Asker: 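My questions all concern the structure below.
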Amino acid sequence: KPGRATLSSSPEATAPFAKKTEAIARDAFGELGAHGMITLDFRVDDSHTELLEANAIPTFTKLTPLYQQLKAAGVHPTHLLDGMIRKTLA
């Protein structure tokens, strides 16, 4: 569709950045005192991984990357949200 970005990556292309990006994400989650779900936006190039922003109330529609990632993993988004609600109420 015109005006829409396409997000695609392969495990081979992302492997060099995945561990570093995950470490930054875990650190940011802890430093922010986050609970539940947040999204983090990164800028990655050949030599740098930079955290751009954290979204404490992330957009969650069929067009967002998180929804698409869950779908690709075979996880229905309601399962994620149900689990988060159960954990919060426990």
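Predicted, not measured: the structure shown is a model, and the values here were computed from it.
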Asker: Q68 versus K71: any side-chain heavy-atom pair under 4.5 Å?
Answerer: yes
Asker: Applying a strict under-4.5 Å side-chain criterion to I, L, V, M, F, W and Y, I'd like to know whether F29 and M84 cluster together.
Answerer: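 No, because F29 and M84 fall into different hydrophobic clusters, even though each may have its own neighbours under 4.5 Å.
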Asker: Check whether any side-chain heavy atom of Y67 sits under 4.5 Å from a side-chain heavy atom of T61, and report yes or no.
Answerer: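 Contact flag for Y67/T61 side chains = no.
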Asker: For T78, is there any backbone N or O sitting under 3.5 Å from a side-chain donor or acceptor partner on H76?
Answerer: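 Side chain of H76 to backbone of T78, a donor-acceptor pair under 3.5 Å: yes, one is there.
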Asker: Take a 6.0 Å sphere around CG of L52 and say whether it holds more than 12 heavy atoms from other residues, nucleotides or ligands.
Answerer: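 Enclosed: over 12 neighbouring heavy atoms sit under 6.0 Å from CG of L52.
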Asker: Heavy atoms, side chains only, cut-off 4.5 Å: are L70 and L80 in contact?
Answerer: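 L70 reaches L80 side chain to side chain.
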Asker: Same hydrophobic cluster for I38 and L81, using side-chain heavy-atom links shorter than 4.5 Å among ILVMFWY?
Answerer: no
Asker: Taking N55 for its side chain and I57 for its backbone only, find out whether a donor-acceptor pair lies under 3.5 Å.
Answerer: no
Asker: Hey, does V44 have a side-chain heavy atom less than 4.5 Å from the side chain of E50?
Answerer: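 Heavy-atom side-chain distance check fails, nothing below 4.5 Å.
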Asker: I'd like to know if the side chain of E53 reaches the main chain of L40, judged simply by a donor and an acceptor atom lying under 3.5 Å from each other, with no hydrogens or angles considered.
Answerer: no
Asker: State, to 0.1 Å, how close L51 and A28 come at their nearest heavy-atom pair, and which atoms those are.
Answerer: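 Looking at all heavy atoms of both residues, the shortest contact is CD2-CB, 3.7 Å.
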Asker: Donor-acceptor pair, distance only, cut-off 3.5 Å: does the side chain of T64 make one with the backbone of F60?
Answerer: no
Asker: Against E22, only a single residue in K20, K19, R26 fulfils salt bridge (charged side-chain N to carboxylate O under 4.0 Å, His left out); can you say which?
Answerer: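 Filter result, single survivor: R26.
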